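Start at 1 and go down the list; that is how both ligands and their atoms are numbered. From a predicted model like this one, the values you see are computed outputs, not experimental measurements.
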Amino acid sequence: MDWAAERKVASMNPHPIRAYGPGRVNLIGEHTDYNDGLCLPFAIERGVTVTAELHEGGEVVAPGLADDDRFLQGAVAELRRAGVDLPGSTLAVASDLPQGAGLASSAAFCVAVSLALYGIAGVEPPRPVRLARLCSRIETDWAGQETGLLDQLASLLGEDGRAVRLDMRTLEARSIELDLRGHVLATLDSGASRSLARSGYNERREECRRAVELLGLESLRDADDGSGLPAPLDRRVRHVITENERVDAAVAALAAADLAALGELLNASHASLRDDYEVSVPEVERTVEACLKAGALGARIMGGGFGGSVLALFAPGVTLPDAAIGARAGPGARYL
Ligand code: GLA
């Protein structure tokens with residue numbers, strides 16, 4: 001043991017860096033982010049914490065992760081590409097966010113690990129949109145998982161008790177008070193294996209690209225009618241158009257404290273994701289039904305689809321279904 005070297009390292013960095021990235025719930029606005037559309041997510045009170053400590057070697061290591069962890073490799077590579085000189089460091093990862101449950105655990109990890117690495121390098125992290133893009137590249141280019149910016153921006157821009165209306169065309173983020181008047185938003189894992197998630201998600205994105213091409217538009221944000229397109233592209237476009245409208249209707253329902261209307265919008269979003277966008281699976285349908293039977297005012301599939309969690313809105317005092325987890329809006333990513 002080289003104590004002198006250890007002391008030197010310790011004096012350079014007396015405190016380990018701890019960075020936190022929350023998961024997210026998307027209240028409404030699904031499969032709109034990569035179509036330049038609108039979304040209304042909030043960061044939840046669960047997430048991923050990455051602790052980084054300097055060590056003598058030149059490498060970034062994370063003993064708790066597989067050597068070939070693509071997210072870590074991607075984070076290290078993307079930061080280096082951004083010109084950050086990374087010192088040798090050891091990362092430890094802790095999470096209270098379930099994986100594969102549609103709560104954006106990969107984005108939460110990418111956000112936390114990137115912040116930890118910026119921190120240990122002593123470099124100020126970029127502003128949220130740039131950092132969200134960097135994190136999204138880790139998922140897409142390194143882990144082979146296409147993703148828009150919804151999850152990353154939700155994690156980075158979270159605020160206690162507030163959601164954020166994201167306009168993905170202008171990247172304007174508007175903070176929205178999430179006063180549910182005692183109602184509870186809860187997520188319930190459908191338990192469906194997400195084996196189709198990646199291929200299904202990528203296929204939907206491809207369909208949207210084709211629709212944009214056929215319509216001769218820059219993005220589906222500009223579409224006002226896709227009914228002339230061949231099936232199923234006509235239905236896909238209808239989902240995107242109506243879902244954007246539902247986001248602003250949800251913002252208005254929140255402002256008017258009309259929670260019944262918000263519940264209806266969740267139901268309408270689900271019907272559209274099931275019938276027009278076709279991203280539901282039988283387990284999700286059963287989970288939505290279980291929520292509605294338990295008295296939910298509205299319930300819908302959330303996230304990329306083909307499994308994952310259902311989001312439901314319950315009136316005050318209603319007993320949540322077994323295994324449902326209340327989702328409160330918590331603060332965004334930060335150093336602890
Ligand atoms: C996944 C992606 C997001 C978004 C949603 C669907 O969570 O990572 O970018 O496209 O699906 O709304």
Side-chain angles (χ1 to χ4, degrees), residues 21-44 47-48 71 74 97-111 128-129 131-157 163-169 171 173 187 189-190 192 194 196-209 219-221 236 239-244 246-247 250 265-266 269-270 272-274 276-281 284 300-311 327:
R24 63 98 189 90
V25 152
N26 189 18
L27 184 51
I28 201 156
E30 218 68 89
H31 291 277
T32 46
D33 66 340
Y34 53 85
N35 287 308
D36 277 357
L38 304 174
C39 327
L40 190 59
F42 60 87
I44 57 176
V48 178
F71 293 101
L97 194 59
Q99 283 186 7
L103 298 172
S105 58
S106 328
F109 174 76
C110 292
V111 165
V129 169
L131 185 54
R133 286 208 172 106
L134 181 147
C135 291
S136 164
R137 282 199 300 276
I138 300 172
E139 287 195 53
T140 305
D141 297 351
W142 293 83
Q145 215 161 280
E146 280 212 71
T147 161
L149 288 180
L150 162 70
D151 307 340
Q152 298 78 5
L153 284 174
S155 181
L156 287 162
L157 298 175
V164 58
R165 177 191 181 275
L166 294 171
D167 182 329
M168 293 294 180
R169 174 143 69 180
L171 290 170
T187 62
D189 195 344
S190 70
R194 302 184 76 226
L196 257 180
R198 193 174 294 182
S199 56
Y201 182 83
N202 292 350
E203 186 182 289
R204 291 296 172 276
R205 292 192 61 147
E206 192 45 45
E207 287 169 345
C208 289
R209 279 186 208 112
S219 83
L220 289 188
R221 180 67 179 276
R236 307 294 188 253
H239 166 74
V240 174
I241 294 172
T242 58
E243 187 75 353
N244 282 332
R246 282 186 287 271
V247 170
L265 288 163
L266 296 184
S269 172
H270 182 72
S272 179
L273 287 159
R274 181 193 58 213
D276 280 349
Y277 220 64
E278 293 178 283
V279 290
S280 190
V281 290
V284 166
R300 70 174 195 84
I301 185 171
M302 192 180 64
F306 305 98
S309 287
V310 161
L311 174 70

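- Not one N or O of E146 is nearer than 3.5 Å to an N or O of ligand 1, by distance alone.
- Residues A132 and L156 come closest through the heavy atom pair N-CD1, 3.7 Å.
- Contact analysis puts G303 in contact with ligand 1, with a non-hydrogen atom separation below 4.0 angstrom.
- In the vicinity of Y201, heavy-atom distances shorter than 4.0 Å reach the ligand 1 atoms 1 (C), 2 (C), 3 (C), 4 (C), 9 (O), 10 (O), 11 (O).
- In this structure, R24 has a heavy atom closer than 4.0 Å to ligand 1.
- No more than 12 heavy atoms of other residues, nucleotides or ligands lie within 6.0 Å of CD in Q99, so this atom counts as exposed by the packing criterion.
- Annotation: Y34 places no N or O atom under 3.5 Å from an N or O atom of ligand 1; distance criterion only.
- Annotation for A173 and L157: closest pair CB-CD1, 3.7 Å, computed over non-hydrogen atoms.
- When the options H270, R246, R300 are evaluated for a side chain to side chain contact (heavy atoms under 4.5 Å, CB included) with L265, the one that passes is R246.
- Near D33, meaning under 4.0 Å from any of its heavy atoms, are these atoms of ligand 1: 3 (C), 4 (C), 9 (O), 10 (O).
- R236 has a carboxylate O that lies under 4.0 Å from a charged side-chain N of E278, or vice versa, which qualifies the two as a salt bridge.
- Considering backbone and side-chain N/O atoms, G148 comes within less than 3.5 Å of an N/O atom of ligand 1.
- Relative orientation of the H239 and Y277 rings is tilted, given thresholds of 30° and 60° on the angle between their planes.
- Atom 8 (O) of ligand 1 has D151 OD2, 2.6 Å as its closest protein atom, hydrogens excluded (heavy atom only).
- A tilted orientation is assigned to the rings of H31 and Y201, their planes being inclined by 30° to 60°.
- For ligand 1, the polar-atom distance check against H31 finds a nitrogen or oxygen pair separated by under 3.5 Å.
- Listed by atom number, the atoms of ligand 1 under 4.0 Å from G304 heavy atoms are 1 (C), 7 (O), 11 (O).
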